[in-house]
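Notes for the one structure printed next.
Here is the naming used below: chain letters follow the sequence lines, and residue numbers restart at 1 for every chain.
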2 protein chains.
Amino acid sequence: MVTMKDVAEHAGVSIATVSFVVNDTKPVTPATRARIEAAMVELGYRRNAVARALASRRTRILALVYPVFERPLNTSSVEFFTSAAAAASARGYHLVIWPVSNDGRELGELLGQRLVDGVLLMEVQLDDSRVQVLERSGTPFALIGRTREPDRYRYVDIDFEATVAGAVDHLAALGHQHLTLVLGSGVDHGDRDYGPFARTRAAFDALLPERTLTGRTIEVNQTEDATALADRIVASHPAATGILVLNDHTALRLVAGLRRTGRKVPGDISVMGLLAAAESGMVCDPPLTLMRAPGPELGRLGADALIRDLEKDEPLPPRLVPCAFEPGQSTAPRRSS
Amino acid sequence: MVTMKDVAEHAGVSIATVSFVVNDTKPVTPATRARIEAAMVELGYRRNAVARALASRRTRILALVYPVFERPLNTSSVEFFTSAAAAASARGYHLVIWPVSNDGRELGELLGQRLVDGVLLMEVQLDDSRVQVLERSGTPFALIGRTREPDRYRYVDIDFEATVAGAVDHLAALGHQHLTLVLGSGVDHGDRDYGPFARTRAAFDALLPERTLTGRTIEVNQTEDATALADRIVASHPAATGILVLNDHTALRLVAGLRRTGRKVPGDISVMGLLAAAESGMVCDPPLTLMRAPGPELGRLGADALIRDLEKDEPLPPRLVPCAFEPGQSTAPRRSS
DNA sequence: CTGAAAGCGCTTACAG
DNA sequence: CTGAAAGCGCTTACAG
C-alpha cells in the first residue's frame with residue numbers, strides 16, 4: 001500500500017505538505033504542489049480513509065438506519081435512499097443503508113463504535129426508543145418522520161394533512177360522501193404507533209367533519225388473501241364508495257379482491273393509494289389514482305438537514321412535503337343510484 | 001470519549017491487557033479480567049472501531065454494491081440483502097448497501113479508500129467493468145451472478161437452467177406448446193449483457209427443442225403502458241398460449257394489459273413470473289404462478305462465500321440455486337380449440 | 001509556505 | 001499471564 005510517507009519521500013517534502021495538497025487545506029506553492037501531484041499519480045496513491053478518520057475524528061460515513069429485519073424496504077424508501085445518497089455524495093459523504101433492528105440495542109452498539117458520523121433514521125414511531133439512543137450517544141441525526149414531540153429534533157416528513165386533504169377532496173369532488181381509510185400494516189404485531197399511520201388517521205378524522213363526510217378507519221395486515229381482504233374492508237363500512245389505502249401492496253390486493261368479489265373499480269367503488277409509488281399505480285388494473293410519496297425530495301432534504309448539523313451550519317426549519325396527486329383510472333364519479 | 005487507556009488506568013493494568021480481554025485474544029487471569037470488565041462497565045467503555053480498524057487493518061465492513069442509481073432495488077434484492085446482512089452480522093461483520101454507480105470508476109474510488117474489507121457485487125453483467133476494478137484492487141469479493149467466465153471468481157447465482165425448466169415443464173404439462181419469454185428491462189438502454197437475461201434466454205433456447213416446443217423471446221422496457229405492452233407481446237408470437245415473464249413489474253403490467261385487451265388469464269393465455277417475489281404474486285389478479293427468486297438462500301451463501309475468502313477458509317464450490325415453484329392461478333390447461 | 005512532532009485509539013509482536 | 005513499545009496512516013496545532 002502506498003502511503004503519504006511514500007509520496008512525501010518521492011516528492012522530497014514532508015507528509016504534512018502532502019496532506020495539505022491532498023486536502024487542499026493550506027496554501028502550497030505551485031511548484032511543490034506539482035511535484036506532489038506527480039508523485040501521487042506515479043505511485044498510484046489513494047488516501048486511506050480509516051487513518052484519515054482516526055486522525056480527524058470523522059469517518060464521513062452516514063448511516064441510513066432502516067429496520068430491514070422488521071419491515072421490508074419499499075419502493076418509496078429506495079427512492080428516498082437513492083436521492084439522499086446522491087446529495088450526501090455531492091458533499092463528500094458516504095450514505096449507506098445500515099441494517100439495524102428496531103429495538104434500539106443494536107443501534108446503540110453501532111453508535112458506540114463511532115464508525116458513523118451521523119444517522120438518518122427511518123420508519124419513526126411516535127415513541128421511538130431508537131431516538132433516545134441517538135440522543136444519548138451524541139451522534140448527530142435527523143429523523144425521516146416525527147416522534148410525538150417533533151420539535152425536539154431535526155426532521156423532515158410527509159405533510160399528512162395536505163396529503164389526506166388532497167385525496168379526500170378529490171373523492172369529494174367526485175361526489176363520494178362515505179369514505180374508508182385502510183391502514184395496511186407491513187408487520188404482524190400491528191402498527192398503532194407508526195408515525196404515518198397515526199398522522200394519516202388523525203388528519204382523516206379531523207378533516208371529515210369539516211367536509212361533512214363520513215369515514216371509518218380499518219387496520220389490516222399483509223397475510224390475508226385478496227378476496228377476504230376486500231370483503232372485510234367493504235363490510236367494515238358498507239356505505240363507503242371511496243377508499244383510501246395507505247400501503248401499495250394493500251392497495252393492489254384490495255383492487256384485485258374487489259374485482260374478484262364482483263365489485264367494479266371505479267364503477268362501484270373508487271380506490272386511491274396514499275404515500276404510494278408511481279410504479280405501483282402502473283401495475284394496477286385499472287391504473288391506480290394515488291398521492292405519490294415524495295421520496296426524492298425527502299431524501300435530499302433529509303441528507304441536507306443531517307449534513308448541516310454535522311457541519312454546524314444554521315439549521316433549516318423542519319420541512320413537511322405533501323404527496324403529489326397522480327391521476328389514474330381507479331376513481332370516478334359516484335354512481336347516482 | 002472513554003478509551004482503553006482510561007479503562008487500563010482504572011483497572012490498574014496495561015492497555016494491552018485490556019485489549020486481550022476486549023477481544024478475548026489471549027488468556028487473562030479471572031481476577032484481572034474481572035477488574036477490567038468492571039472498569040469497562042463503570043466507565044461505559046465502547047471499543048472504537050476506527051482505531052481498531054487502523055491497527056488491525058480490517059474494518060469489518062462489507063459492502064453490498066448495487067447500482068441503485070441505474071436500477072431500482074427490487075423485492076428479491078432486498079430479501080437477499082436482509083439475509084446476507086444477518087449472516088454477516090452473526091460472524092462479526094457489518095454488511096451495508098453501498099450505493100455505487102455501474103461504471104467502475106466510483107467503485108475504484110471506494111476501494112482505494114480501504115474502508116471496506118470485502119464486496120458483494122450485485123447485478124452482474126456478462127462483461128462487467130466493476131469486476132476488473134475489484135480484481136485489480138485486491139479487495140476480496142464475491143459475485144451474486146456470473147460474468148462470461150464464471151470460474152475465475154467466487155460467486156453464487158440462480159440456477160437458470162433448472163428455473164426455466166421448472167416453468168416450461170409446468171406449462172408443457174398443461175398442454176402449452178407455443179411459448180413466449182418476456183425479458184422486462186428495468187433500464188432504458190436495454191440489457192443484453194445483463195446476466196439473468198442472457199442466461200434465461202440461453203436456457204430457454206436450449207430447452208425448447210428438447211421438449212419439441214416452439215418459443216420466441218421479446219425484450220421490453222418499463223415505459224410502455226399495460227395495454228400496448230400486452231398487444232405487442234401477443235403480436236410478437238400470436239400462437240403462444242403460455243408466457244414467461246422475467247421481471248415482476250412487467251409480469252403484473254402484462255396480466256393487467258391482457259385483461260384490458262380482452263384476453264382471459266389463464267383462460268386464453270397462461271402467464272408465469274420468473275425470478276419473482278412471492279409478494280408480487282399476491283397483488284396480481286389472478287394470483288401469479290411463479291418461480292420464486294431464492295433471495296434469502298443466495299444472501300446467506302453469498303455472505304458465506306465472501307467471509308470464507310476474508311478469513312482464508314477453504315473456498316466452497318460455487319453454488320447455483322434454483323427458483324422454487326409457487327403455484328398461483330395464472331396458469332391453466334390449454335383450451336382445446 | 002513548509003516541516004517536525006504529537007496524537008487519534010487501538011493491535012500485536014516481543015520480552016519477561 | 002502481563003507490560004512496554006512500536007506502529008497502523010493520517011491530521012493538525014505549532015514553530016519557523
Answer yes or no: does atom CD of Glu149(A) have more than 12 heavy-atom neighbours from other residues, nucleotides or ligands under 6.0 Å?
no
Check the side chains of Arg33(A) and Thr17(A) for a donor-acceptor pair under 3.5 angstrom, ignoring hydrogens and angles.
no
Go through the steps to decide whether Leu310(B) and Leu62(B) satisfy the test side chain to side chain contact (heavy atoms under 4.5 Å, CB included), and finish with yes or no.
CA-CA 10 Å; Leu310(B) 285 165; Leu62(B) 309 180; 3.4 Å; yes
Under 4.0 Å, heavy atoms only, any strand: does Arg46(B) hit a base, just the sugar-phosphate, or nothing?
sugar-phosphate
The correct set of residues in residues 22-36 of chain A placing a heavy atom under 4.0 Å from DNA chain D is Asn23(A), Lys26(A)
Whether Tyr66(B) side chain and Pro72(B) backbone form a donor-acceptor pair below 3.5 Å:
yes
Distance check, rounded to the nearest 0.5 Å: Thr3(A) atom OG1 versus Tyr45(A) atom OH?
7.5 Å
Regarding Arg71(B) and Asn102(B), do their side chains bring together a donor and an acceptor under 3.5 Å, going by distance alone?
no
salt_bridge(Arg105(A), Asp103(A)) N-O dist < 4.0 Å
no
For DNA chain D, what residues of residues 3-11 of chain A have any heavy atom nearer than 4.0 Å?
Thr3(A), Met4(A)
Would you compute the distance between atom CD of Glu42(B) and atom CG of Asp6(B) and round it to the nearest 0.5 angstrom?
12.0 Å
By nearest nucleotide on DNA chain D, pick out whichever of Arg57(B) and Ile15(B) is the more 5' one.
Ile15(B)
Please determine, for dG3(C), whether a Watson-Crick or G-U wobble partner exists with both distances under 3.5 Å, and give it or none.
dC14(D)
So which of Val119(A), Leu111(A), Leu110(A), Leu107(A) actually passes side chain to side chain contact (heavy atoms under 4.5 Å, CB included) with Ser137(A)?
Leu111(A)
At the 4.0 Å heavy-atom cut-off to chain A, mark where contacts on DNA chain C begin and end, going 5' to 3'.
dC1(C) to dG9(C)
May I have the step-by-step check of side chain to side chain contact (heavy atoms under 4.5 Å, CB included) for Arg52(B) and Arg58(B), ending in yes or no?
CA-CA 8 Å; Arg52(B) 182 192 191 201; Arg58(B) 310 186 57 184; over 6 Å; no
